[in-house]
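This report refers to the structure that appears directly beneath it.
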Amino acid sequence: MPLLEVTELSKKFGGVHALTMVNLQVEKGEVHALIGPNGAGKTTLFNCISGFYRPERGSAVFKGRDITRTAPHKIPRLGIARTFQNLELFRNATVLDNIMLGRYMHKRASFFSEALFLSKAKNQEVEARRRVEEVIDFLDLQPYRDRVIAQLPFGTQKCVELARALALDPELILLDEPAAGLNSEETRDLCFWIEDIKEDLEITVLLVEHNMRVVNEVADRVTALDFGAVIAHGTPEEVQQHPDVIQAYLGEDDGAAASA
Ligand SMILES: Nc1ncnc2c1ncn2[C@@H]1O[C@H](COP(=O)(O)OP(=O)(O)O)[C@@H](O)[C@H]1O
Ligand SMILES: [Mg+2]
């Protein structure tokens with residue numbers, strides 16, 4: 001059974017068919033890349049998986065459980081964390097607070113269990129702090145931990161978003177264009193981190209990525225979308241050589257798939 005299985009998922013916005021009968025299987029332990037030109041439906045698919053959008057038909061099943069109609073705030077508790085294409089951080093809070101807040105909002109004991117079983121809440125607090133410190137070390141964020149987000153370079157802000165998602169201890173992490181806007185050094189670091197997230201943290205990764213060098217370097221398997229439909233899936237090489245994929249990318253300004 002795949003860790004995540006999307007079956008015949010369709011989502012419309014007015015007359016726009018953002019997703020049409022999309023099938024996607026993400027196996028435990030893999031890095032799976034979702035590619036496709038702008039407007040192909042990649043972010044919409046992430047939003048359907050993470051509960052932000054309700055598809056008109058089809059399902060998303062995570063670890064055998066149908067999550068299609070699960071509210072977005074409950075998704076992290078089931079083991080799925082995500083980052084956003086446009087950063088969603090508290091800009092006037094510190095790096096540490098942003099990472100801690102992510103963890104608190106989703107993992108804290110409920111009000112009643114906190115009131116009734118203080119020791120449980122205390123343990124959670126200790127565990128949360130330990131986990132957050134680990135993630136800060138893992139992503140080399142130590143020098144920035146007390147800095148305010150708004151004052152940090154974009155690449156570091158993206159790194160904080162990744163940290164916030166990792167601090168949730170997910171089994172599956174969804175990354176929406178993690179390399180967009182990064183310089184070449186930051187992109188190289190990102191590739192190493194994605195490898196480590198898979199190998200050392202044993203977290204399965206589903207990423208939307210435009211940069212084909214990143215896809216080639218980190219992805220085990222690739223699914224390509226165009227106009228809301230799956231046009232190819234397979235290894236990075238197979239997918240990039242697929243005629244429909246080459247066709248889809250013609251006319252894209254960076255010719256991403258063809259030139260990689
Ligand atoms: N909230 C929304 N309201 C209306 N249309 C949307 C919304 N989100 C996405 N779309 C449309 O759905 C299509 C797919 O968009 P999106 O999933 O953002 O593509 P991608 O992430 O692959 O660039 C586009 O035509 C986009 O304009
Ligand atoms: Mg997008």
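The figures that follow rest on heavy atoms only: side chains count, while hydrogens, waters and symmetry mates do not. In each ligand, atom 1 is the first atom listed, and ligand 1 is the first ligand listed.
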Problem set entry | Element-labelled atoms of ligand 1 that are located less than 4.0 Å from some non-hydrogen atom of Ala40 |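 Selected atoms, number and element: 19 (O), 20 (P), 22 (O).
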For this session: Check each atom of ligand 1 against the heavy atoms of Asn38 and keep those under 4.0 Å away; list them by number with element.
Result: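 Those atoms are 23 (O).
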Exercise. Are the side chain of Glu209 and the backbone of Asn211 linked by a donor-acceptor contact shorter than 3.5 Å?
Worked result: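 Side chain of Glu209 to backbone of Asn211: a pair is present.
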Problem set entry | Donor-acceptor pair, side chain of Thr68 and main chain of Ala60, under 3.5 angstrom |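 Looks like yes, one N/O pair under 3.5 Å.
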salt_bridge([X], [Y]) N-O dist < 4.0 Å:
| X | Y | result |
| --- | --- | --- |
| Lys158 | Glu186 | no |
| Arg131 | Glu134 | yes |
| Lys198 | Glu195 | no |
| Lys12 | Glu56 | no |

Exercise. Looking only at N/O atoms, are Tyr53 and ligand 1 under 3.5 Å apart anywhere?
Worked result: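 Such a contact does occur with ligand 1.
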Give the residue and atom name of whichever protein heavy atom lies nearest to [atom], and the separation in Å to one decimal.
| atom | answer |
| --- | --- |
| atom 18 (O) of ligand 1 | Thr43 CB, 3.8 Å |
| atom 24 (C) of ligand 1 | Gly39 O, 3.9 Å |
| atom 16 (P) of ligand 1 | Thr44 OG1, 3.6 Å |
| atom 19 (O) of ligand 1 | Gly41 N, 3.2 Å |
| atom 9 (C) of ligand 1 | Phe13 CE1, 3.5 Å |
| atom 12 (O) of ligand 1 | Ala18 CB, 3.5 Å |

For this session: Evaluate side chain to side chain donor-acceptor pair (under 3.5 Å) for Asn47 paired with Arg54, printing each intermediate quantity in order.
Result: CA-CA 8 Å; Asn47 283 334; Arg54 296 230 163 148; over 6 Å; no
For this session: For ligand 1, indicate whether the residue Val16 contacts it via side chain, backbone, both or neither (heavy-atom separation under 4.0 Å).
Result: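 Looking at Val16 and ligand 1, just side chain atoms fall under 4.0 Å.
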Problem set entry | Phe46 and Tyr53 aromatic centres sub-6.0 Å |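 For Phe46 and Tyr53, the ring centres are not under 6.0 Å apart.
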Exercise. Atom OH of Tyr249 and atom CD of Gln240: how far apart are they, to the nearest 0.5 Å?
Worked result: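 Going from OH on Tyr249 over to CD on Gln240, the span is 8.5 Å.
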Exercise. Quick one: do the Glu8 and Asn23 side chains pair a donor with an acceptor below 3.5 Å?
Worked result: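 Checked: Glu8/Asn23 side chains show no N/O donor-acceptor pair below 3.5 Å.
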Exercise. With no hydrogens and no angle check, do the side chains of Arg188 and Asn183 hold a donor and an acceptor under 3.5 Å apart?
Worked result: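 Per modelled atom types, Arg188 and Asn183 side chains form no pair under 3.5 Å.
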For this session: With the Mg ion (ligand 2) as the centre, enumerate protein N/O/S atoms below 2.8 Å in chain and residue order.
Result: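 Near the Mg ion (ligand 2), the protein supplies Thr43 OG1, Gln85 OE1.
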